[in-house]
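Below is one structure; the comments refer to it alone.
Position 1 is the first residue of the sequence; numbering continues from there. The analysis underlying the following values was restricted to heavy atoms, covering all of them including side chains, and did not include hydrogens, waters or symmetry mates.
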Amino acid sequence: MWRSLLLKGTTCLLQVADPKFLHQRHFSSLCLRLFPHRIIHRPPEAPCVPRLRGTGCLLAHRGTRAYKKDAKSTVEFPVSPITVTDIKQYIRFKDIPFHDGYSCLHIPSIFVDSSARKDSFSLFINKTTGQFLCKDTLVEGSWEDFQDCLEVMQKEGQDFLSPHVLLGYPESVEEQEERERELREVQRIWSSAVPLTDLPEDEAQLIKTMFQITKVSNATLKKFGVRLFRPTKSLVFPWFGGSNSSLKGVKLISAQNTDTEKVTYTEATVPKCSSYHNLFGLPLVGRMDSEVVVTGHELDTLAVSQATGLPSVALPRGISCLPPVLLPYLEQFKRVTLWLGGDIRSWEASKIFSRKLGLRRCSLVRPGEYQPCPVEALAQGKNLSRIIKASIPAAHKSIVSFKQLREDVYGELLNTEQVAGVKWTRFPELNRILKGHRKGELTVFTGPTGSGKTTFISELALDLCIQGVNTLWGSFEINNVRLAKIMLTQFAMQRLEENLEQYDFWADKFEELPLYFMTFHGQQNIRTVLDTMQHAVYLYDINHVIIDNLQFMMGQENLSVDKFAVQDHIIGAFRKFATNTSCHVTLIIHPRKEEDDRELQTASIFGSAKASQEADNVLILQEKKLVTCPGRRSLQVTKNRFDGDVGIFPLDFIKSSLTFSAPIKGKHKLRKVPTKPENEEVEGSEVAVKKDGVKKERTEKANKTTKTSRPVKNPSTAE
């Protein structure tokens, strides 16, 4: 633990420190003896506050801005990889009994007095990450923290450690004020909200109709403590947790009708979503219950509980995330049924979550016309118990028949729009060609040096991230601060250096995005990068990884090997990763050097054979270097494995916001590019350039005649 604290608090110093320091396992025995005494015997005036994971040092003075290192600024990983075998060997070496659970190892808590432990195995160690959680004291930490705590306990000859060893290091003033402000806001909302059972009958019926929960009884609403916040007409769902089951947060859900006669819900949580780790309905689960239904929405949990009588809980962020810190609370169940919704996205999320929970005990409710989400099934009078009993096991098979795939095929035909993936809002022309952003695919992106590849792909990824696609950036060419500045400018659609008074407003909104950055810079080993990506997919449910760029994966350790063979190996590794984890990987590759007057092709990609073969999509940022007018850049799709459509459309660069956008409708037309041999594509592009040149000459003559021509500055980008 102590080593971890020092590492987190000296991030800047480690950049110039001896790399061997990172691999030192323990401090001296003197240091181990001093640290616990100083923390356990803290003076009374020192505050004892909950530990915040991912918090770094704060260096601030009066009158200056306080900067902090938040969990979203970096993705934390163990100093050295840990496996479940290593964890078991260490625990056996320390003579600690354990139970092998589904996703965690259970051991007696070292933070509870041995006389009070009895036979309770209340400390859970995640088999994948090594992170631990004590359910009795709510102490949590990394695998290194756990090892250090055991060393301190044994060296001091103690039977247990005080929970304050990990709970007691101080927060910054800014963090304390923010936490206290959030707690006051939680109490204000909860005290102002009115139980639905206390509302007049006509008002209660109106609210139920608005949220389409007319079949949910008042008894069920009272059982789960659901209230109404009248100022915003929002349902309030409480988060009770901790050893004393106190109110720790609330979620407000508002309903809005759409043209399709379906209700869409908007959610707001206090505290913010990154700190909102609630399993709604968990306090109602008994210690002896062995079966649970996990849903993606609080209203679905109400429907399942009322219709089946089974214990049911809802995920805090729907189908987008299952935080590993919640896994210990699901360990007691021998059977977990995942009923996350009635569409294809919930089906894919169920498959991913079942790997975290343990395939052998999970069953999935397959979405379909007769198996919608629970609240819709209840409204339609369907038998929810029968649907749950018909759920299929999550354990994968090595060989499947069409009979097993039949429903999946039907589901894709029924949900063609959702199968196509997440649509871009800033690039509608790209939706017309690629149809959407899909999980498990590999996209190769290239463009001339200095054309704005990083700037464009950052906006492309930001567009998806705003829509809830959990994104991990691996920027090896430019540092994270500069990349974050570019993305924040694109997010705010303005230059914030000219409007610094708006920085906090936009930064607060930008901070809420599910966006993470790898801390690598410069050349890196492919194995290290893949381990980082694998851990991020597990810990943060990452759906999109951007690697900028491939050339930085080809380190100096393979000088004796053909560079094309090295590149083929790396591309194959990314292809396998995308397929196995259902995570979309966007790989930026520099092109070969081409003449300035020639457009790039698929064959222009450096080492293109393997790259174009393995990729599902190939995107090329074209730049007409000899043209000095708006629209000199365009995006070309030369491969689309989803449905085969390819094409090209122009882009306009807006320097003030660092964004790309399609020109005004009518100014340019979408040009479809049919699949042709490479030489025919080049000839076609040359003809198109000649036609554009003729049109330009005619326009210039007309402008000279009318004397209305105006010079246009050439926009530039920073890649």
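- Under the 3.5 Å distance criterion, the side-chain polar atoms of Asn640 are matched with a main-chain donor or acceptor of Asp645.
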Between Lys88 and Val84, is the side-chain contact (heavy atoms from CB on, under 4.5 Å) condition met? List the steps. CA-CA 6 Å; Lys88 289 181 178 179; Val84 64; 3.9 Å; yes
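- Identified under the side-chain hydrogen bond (donor to acceptor under 3.5 Å, both in side chains) test for residues 349-361, with sequence neighbours left out: Lys356-Asp541.
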Taking it one step at a time, do Ile542 and Thr581 satisfy side-chain contact (heavy atoms from CB on, under 4.5 Å)? CA-CA 9 Å; Ile542 296 298; Thr581 62; over 6 Å; no
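- At distances below 3.5 Å, not a single donor-acceptor pair connects side-chain atoms of Lys251 with backbone N or O atoms of Ala268.
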Should Phe124 and Leu327 be marked as a side-chain contact (heavy atoms from CB on, under 4.5 Å) after you check the CA-CA gap, both sets of side-chain angles, and the distance that decides it? CA-CA 9 Å; Phe124 297 81; Leu327 296 182; over 6 Å; no
Apply the test side-chain contact (heavy atoms from CB on, under 4.5 Å) to residues Phe574 and Ile526: give CA-CA distance (whole Å), side-chain angles for both, the deciding distance (0.1 Å), then the verdict. CA-CA 9 Å; Phe574 282 125; Ile526 179 63; 3.6 Å; yes
Stepwise side chain to side chain donor-acceptor pair (under 3.5 Å) test for Gln306 and Ser217: CA-CA 8 Å; Gln306 177 177 307; Ser217 65; 3.2 Å; yes
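- Looking only at distances, a side-chain donor or acceptor of Ser391 sits under 3.5 Å from a matching main-chain atom of Ile388.
- When all heavy atoms of Lys423 and Asn431 are compared, the closest pair comes out as CA-OD1, 3.6 Å.
- In terms of modelled atom types and a separation under 3.5 Å, the side chain of His584 and the main chain of Arg438 share a donor-acceptor contact.
- Asn617 pairs in a side chain to side chain contact (heavy atoms under 4.5 Å, CB included) with only one of the listed residues (Leu434, Val444, Ile433), which is Leu434.
- Using a distance-only test at 3.5 Å, with no hydrogens or angles considered, no donor-acceptor pair links the side chain of Asn543 to the main chain of Val469.
- Between Lys439 and Glu348 there is no salt bridge, since no side-chain nitrogen of the basic residue lies less than 4.0 Å from a carboxylate oxygen of the acidic one.
- A donor-acceptor pair is defined here as one N or O able to donate and one able to accept, closer than 3.5 Å; no such pair exists between the side chain of Thr471 and the backbone of His544.
- Contact of the Leu221 side chain with the Lys208 side chain is registered, since non-hydrogen atoms from C-beta on lie closer than 4.5 Å.
- At a cut-off of 3.5 Å, with distance as the only test, no side-chain donor of Ser109 or Asp136 sits close to an acceptor on the other residue.
- With Glu441 contributing its side chain and Arg641 its backbone, the two residues share no donor-acceptor pair below 3.5 Å.
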Check the pair Asp531 / Thr528 against side chain to side chain donor-acceptor pair (under 3.5 Å), numbers first and verdict last. CA-CA 5 Å; Asp531 288 344; Thr528 304; 5.9 Å; no
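- In the displayed structure, Arg317 atom CZ is contacted under 6.0 Å by more than 12 heavy atoms of other residues, nucleotides or ligands.
- With hydrogens and angles disregarded, no donor-acceptor distance shorter than 3.5 Å links the side chain of Trp339 to the backbone of Thr301.
- For Thr214 and Thr209, the side-chain atoms include no donor-acceptor pair closer than 3.5 Å.
- Taken from OG in Ser320 to CG in Leu340, the straight-line distance is 10.5 Å, to the nearest 0.5 Å.
- Rounded to the nearest 0.5 angstrom, Leu315 CG and Thr295 OG1 are separated by 7.0 Å.
- For the pair Asp100 and Lys127, the salt-bridge criterion is met [side-chain N within less than 4.0 Å of a carboxylate O].
- Relative ring orientation between His297 and Tyr265 is described as tilted, the plane-to-plane angle lying within the 30° to 60° band.
- The distance between the ring centers of Phe224 and Phe280 falls below 6.0 angstrom.
- At distances below 3.5 Å, at least one donor-acceptor pair connects side-chain atoms of Gln332 with backbone N or O atoms of Asp289.
- A side-chain donor-acceptor contact under 3.5 Å links Asn470 to the backbone of Tyr540.
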All N/O donor-acceptor pairs, side-chain side in residues 374-383, below 3.5 Å, sequence neighbours left out:
residue, atom, partner, partner atom, Å
Asn383, OD1, Ser385, N, 3.2
Asn383, OD1, Arg386, N, 3.1

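- Applying the side-chain hydrogen bond (donor to acceptor under 3.5 Å, both in side chains) test to every pair with at least one member in residues 277-288, sequence neighbours left out, gives these pairs: Tyr276-Asn278.
- Arg575 and Asp568 are not joined by a salt bridge, as no carboxylate oxygen comes within less than 4.0 angstrom of a charged side-chain nitrogen.
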